[in-house]
Amino acid sequence: MDEFNFSKIEKKWQKRWEKEKTFEVKEDPKKKKFYSLEMFPYPSGSGLHMGHALNYTIGDIFARFKIMNGFNVLHPMGYDALGLPAENAAIKAGTPPQDYTKNSTKSFTSQMKSLGFSYDWSRLLDTSDPGYYRWDQWIFLKMLEAGLAYQKESLVNWCPDCRTVLANEQVHDGKCWRHEGTHVKMKLLKQWFLKITDYADELLDKIDDLDWPEKTKQMQKHWIGKRYGTEIDFLINGKKWPVFTTRPDTVYGVTFVVVSPYHGKLNNLVTKEHRKEVDEFLKKLKSISEKEIVLLEKEGVFTGSYAINPLTKEKVPIYIGNFVVADYGSGMVMAVPAHDQRDYEFAKKYRIKIKIVIDPVDFELNEKNLAEAYVGDGTLVNSGEFNHLENNKAKEVIGEFLTKKDLGRKSVQFRLKDWGISRQRYWGTPIPVIHCEKCGAVPVSEKDLPVKLPREVKFGEGNPLLTNKKWINVVCPKCGGKGHRETDTMDTFANSSWYFLRYCDPKNNKKIFDEKKIQYWSPVDIYIGGAEHACMHLIYSRFYVKFLRDLGLIDFDEPAKRLFHQGLIHGEDGEKMSKSKGNVVDPLLTSKKYGVDSLRFFLVSVASPDKDFDWSEKGIQGSYRFIKKIYHYFEGFKSGENSKELDFNMNEVIREVSEEIENFDYRKATIRLREIFETILKEGKVRKKIAEDFLKLLSPFCPHITEELWEKLGRNDLISISKWPEYTKIQVGKKADEDINKKIIKNVSLVVKKFEDRGDRISKIHLYLVPSDFEEINPEKIKKGIGKEVFAYSVRDKKKHDPEGRSKKARPGMPGIWFE
RNA sequence: GUGGAUGUGCCGGAGUGGUCAAACGGGAAGGACUCAAGAUCCUUUAGCUUAUGCUUACCUAGGUUCGAAUCCUAGCAUCCACACCA
């Protein structure tokens, strides 16, 4: 018996796939395409981790399954190579990010190749390649033309560690998404924005059509956060200041107005007498991180100004409040302490008047027994001409009234904000704009793209691009005068927002991509990656696709039809894998120890791929044993006749495994494979067809040993591109036919016995069968089997005798029963 | 607070109205082989017991049903995401 030398086998087949370009694909109108994509990795210097291995194994199994099912499968890979970590790591290592990244991507590629993934490596993409980011810049110019890219002075999230601005989506819990311990600060900067909000409605509406995990869809909906409400103009110093509210019905209960400390026109509201207090308050706020503000008590300070309620004409004080969000609505809210908990707390603290305007109807509410805000429904009181209206009705009525008098208007607010893409760092796509004193921000002309990142820069303090004067100082393309380049680079999420389109035509240097190629391959049929991207990458990509569609470049609306999130792998201790905890398991080392196929098989057999699970060394040993067993069995394979039962089982397994892979129930599929293999082992000799089918079913999971054993069975083609076994219906039909009568006899007898044991007398039995069962049963047989008078009906039969409606309980294999 | 998910045997984890003491894997125990270890193979793994028997079991408490791990109601617990959005 040969020693099971998995590493020799792996290399042998990986070489052959590469040599024969097994997984390279071209458009072929005669073949149905399938685009299978996994989120491309950020090529960190530490190489592939187990999470990558899981992600790509899940995708690879799917892609291989589709290939064997006759699809023309596009299964590409690339690198999201631009970004801060590479820059930081490069600085640390003292090498330019270009070199650092090249090393990383090289090692990623060789690692991925060694794991046997079925990628079309000829389409390899690298976002740090000017040939790629040139098209980032091109899209930017198109957005600029369309008015979707713009510059504005704004308060931004600033991470002191990254020394750059972060998008809202990159701030988690008031902290930087890359630095768990770093609080994000607010800073005022001139920034480039992409007007994703123009697409807010469509981004929201189309969510329902996506075959995506419900959770992710929910998160996106929440993130976009569409709210219907009313804008009410309060009068301050003779000027109209709009305030957004979802509760116009409570407008008579407004006793103060609160403005955000970050409101742009805050200074207009602060009177001389209150300047000092306000400044102190603002100063105090600055020293507190956003995270802490959330935990903080509602606090505020009086500005000295008053606002006039347009309906009551009452004058109410204006406060600055730490709980008001600056860039939602107008950054100013009307406060109704009787009917909003936050306002209530604030009013109590600063002893502001509380006025009840909604009467709960079923109990009495007065200022004295009010221990918290009453947010329920009721009828309006103290509301002038609107008294006695039901409050939900009042929302409408007051809204209309305000509109008619031009004191307000219906309004829709989104939580989603425009996407700030400016980053003050080096390793990103340069924003293709030249600033000119005369002409302002002038776009670089398309023919001058790409604006390449200069190698000659100094890293250290601030933005490295500022250190290359030669690169910065250029002539204005418009007037020929003095100009300087924009030194902000784009958020890396710009790079990843459309990469999946570029895979369809990765080397095109004339166009972003060829329309015909895009039309053939896109959109992505299955997209696999982490759930953490739900509100970042997965929203941005949707936005980009819609924009490119509106440019007329593509004719679909959504980047990916179907989405799947893999689970997280924890260390053996159940904790998240991390270097500091020392519980990291390296996929490469593991594959060297047990073989790639064992690793792949194990990764998808411990748990459903979308569930989190703990790494287990014992577990992978179990997978290894299984694979070894298979290897040894096939090595000495001798065909022979096998039982009918095995034929039947195999046929079932083909059906089940196919369905299970399609539904990402990989774990169940591996169980099926184990079971059927046990049966094969027990029988010893089986027909060659059975052996081949088994190897084919196993092939997406364990591509290397199945190639090897396929060869051992005397085949010289590749199993990886062989035809997936077919499931035959006839055979099962026969078998099921025999079963169904027995099954029904058994089940019904059981119930009959129970009834008779209780002392019930049964003379007649009425059975109500689902139509498919009804067609297959043999009533005589059942009658004999049960030994009573039996009447069988189809549930569809309108003339059936069914006084108690038992036919409703009928299910396949188990009829509804009624006794007489 | 809001939204989502989950709760099954020693552990991981299937199942989803009758065939369920509950697949499969891991662990453990016993046995075979071996001088021995490893590998491999077989058996057992809720309790009483060895009977095609009973009892206790699928978070808890109720309910529906001839019958529930599976359906309904309430509660408890855990995990994740978002979180002062007016």
Side-chain angles (χ1 to χ4, degrees), chain A residues 172-174 213-223 225-227 229-230 232 243-248 250 254 257-258 260 290-291 293-298 321-336 339-343 345-346 375 413-417 531-532 534-535 567-568 574 601-602 605-608 610-623 625-626 628-629 632 665 667-675 678 681 739 742-744 746-758 760 762 806 809 811 813-815 817-819:
Chain A
H172 299 313
D173 258 356
E214 224 28 66
K215 200 171 132 194
T216 305
K217 296 210 275 189
Q218 214 53 48
M219 279 168 76
Q220 289 211 352
K221 279 185 192 170
H222 181 252
W223 189 263
K226 188 178 186 176
R227 300 279 290 180
T230 307
I232 303 175
V243 157
F244 177 76
T245 180
T246 53
R247 295 292 307 269
T250 62
V254 174
V257 163
V258 197
S260 161
E290 238 182 319
K291 163 90 178 170
I293 288 178
V294 175
L295 303 171
L296 229 60
E297 216 180 306
K298 319 246 164 307
N322 62 0
F323 61 94
V324 178
V325 178
D327 41 12
Y328 184 79
S330 57
M332 190 185 252
V333 299
M334 61 177 224
V336 186
H339 305 293
D340 182 286
Q341 189 55 29
R342 288 156 306 188
D343 300 347
E345 285 170 33
F346 196 87
V375 295
Q413 284 293 322
F414 288 96
R415 228 182 73 108
L416 183 75
K417 287 158 205 156
E532 68 275 13
C535 287
L568 249 54
F601 193 83
F602 170 69
S605 64
V606 248
S608 299
D610 59 342
K611 287 207 178 124
D612 296 354
F613 69 94
D614 299 345
W615 180 260
S616 152
E617 196 68 18
K618 295 272 189 210
I620 189 165
Q621 282 164 7
S623 296
R625 276 202 295 272
F626 173 63
K628 205 156 82 171
K629 227 194 273 184
H632 287 311
D665 268 337
R667 188 185 144 75
K668 277 187 234 161
T670 63
I671 289 166
R672 296 272 115 77
L673 291 168
R674 291 184 107 118
E675 280 170 346
E678 281 307 311
L681 266 190
D739 270 347
K742 274 190 202 158
K743 200 170 163 183
I744 288 173
K746 194 176 164 194
N747 286 340
V748 174
S749 304
L750 205 93
V751 179
V752 170
K753 189 172 171 287
K754 285 229 175 115
F755 272 74
E756 287 185 333
D757 284 353
R758 281 198 328 196
D760 289 347
I762 295 164
R806 293 309 176 109
K809 296 195 94 185
R811 285 183 318 280
M814 186 62 200
I817 310 167
W818 184 65
F819 301 122

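In what follows, every chain begins at residue 1, and chains take the letters A, B, ... in the order their sequences are listed.
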For A:Phe346, give me all partners under ring pair (Phe, Tyr, Trp, His ring centres under 6.0 Å), at least two apart in sequence or on another chain.
A:Phe256, A:Tyr319, A:Phe323, A:Tyr350
For [X] and [N], give me the distance from atom [atom1] to atom [atom2], rounded to whole Å.
{"X": "A:Phe323", "N": "B:A83", "atom1": "CZ", "atom2": "C1'", "answer": "16 Å"}
{"X": "A:Leu416", "N": "B:C85", "atom1": "CG", "atom2": "P", "answer": "17 Å"}
{"X": "A:Gln413", "N": "B:A86", "atom1": "CD", "atom2": "P", "answer": "9 Å"}
{"X": "A:Asp614", "N": "B:C79", "atom1": "CG", "atom2": "C1'", "answer": "13 Å"}
{"X": "A:Gln220", "N": "B:G4", "atom1": "CD", "atom2": "P", "answer": "16 Å"}
{"X": "A:His222", "N": "B:A81", "atom1": "NE2", "atom2": "C1'", "answer": "10 Å"}
{"X": "A:Asp610", "N": "B:C80", "atom1": "CG", "atom2": "P", "answer": "17 Å"}
{"X": "A:Phe414", "N": "B:A86", "atom1": "CZ", "atom2": "C1'", "answer": "17 Å"}

With [atom1] as the reference atom in both, quote the distance from [N] to [M] in angstrom, rounded to an integer.
{"N": "B:G75", "M": "B:U2", "atom1": "P", "value": "13 Å"}
{"N": "B:C82", "M": "B:C72", "atom1": "P", "value": "30 Å"}
{"N": "B:C10", "M": "B:A5", "atom1": "C1'", "value": "26 Å"}
{"N": "B:A22", "M": "B:U45", "atom1": "C1'", "value": "14 Å"}
{"N": "B:A37", "M": "B:A28", "atom1": "P", "value": "16 Å"}
{"N": "B:G4", "M": "B:U55", "atom1": "C1'", "value": "40 Å"}
{"N": "B:C59", "M": "B:U78", "atom1": "C1'", "value": "11 Å"}
{"N": "B:C33", "M": "B:U40", "atom1": "C1'", "value": "9 Å"}

For A:Glu532, check salt bridge (charged side-chain N to carboxylate O under 4.0 Å, His left out) against everything at least two apart and list the hits.
none
Pick base, sugar-phosphate or nothing for A:Val324, based on heavy-atom distances below 4.0 Å to the nucleic acid.
base
At 4.0 Å (heavy atoms only), tell me whether A:Lys221 reaches a base, stays on the sugar-phosphate, or touches nothing.
nothing
Need the pair for [N]. Rule: Watson-Crick or G-U wobble, both distances under 3.5 Å, any strand; none if unpaired.
{"N": "B:U56", "answer": "none"}
{"N": "B:G18", "answer": "B:C66"}
{"N": "B:A28", "answer": "B:U44"}
{"N": "B:A5", "answer": "B:U78"}
{"N": "B:C84", "answer": "none"}
{"N": "B:U50", "answer": "none"}

A:Glu214 with A:Lys221: basic N within carboxylate O range, under 4.0 Å
no
Against the side chain of A:Lys611, the closest entry in B:G13, B:G18, B:C80 is B:G13
A:Gly329 backbone acceptor or donor facing A:Gln413 side chain under 3.5 Å
yes
Any donor and acceptor pair, going by atom type alone, linking the side chain of A:Asp340 with main-chain N or O of A:Asp343 inside 3.5 Å?
yes
To the nearest 0.5 angstrom, please state how far the CZ atom of A:Arg227 sits from the OG1 atom of A:Thr245.
10.0 Å
The contact string for nucleotides 19-26 of chain B, one letter per nucleotide 5' to 3', using protein heavy atoms under 4.0 Å with B, S and - for base, sugar-phosphate only and none, comes out as B---BBSS
Is the gap between the ring centers of A:Trp615 and A:Phe602 under 6.0 Å?
yes
Please compare A:Leu681 and A:Lys215 by the position of their nearest nucleotide in RNA chain B and report the one closer to 5'.
A:Lys215
Using heavy atoms to find the nearest nucleotide of RNA chain B for A:Arg227 and A:Ile817 separately, return the residue whose nucleotide is more 5′.
A:Ile817
Would you please test A:Val258 and A:Arg342 for side-chain contact (heavy atoms from CB on, under 4.5 Å) and show each step?
CA-CA 11 Å; A:Val258 197; A:Arg342 288 156 306 188; over 6 Å; no
A:Phe626 six-ring centre to A:Arg674 NZ/CZ under 6.0 Å and within 45° of normal:
yes
So, is A:Lys629 close to the B:C41 phosphate, meaning a side-chain N or O under 4.0 Å from OP1 or OP2?
yes
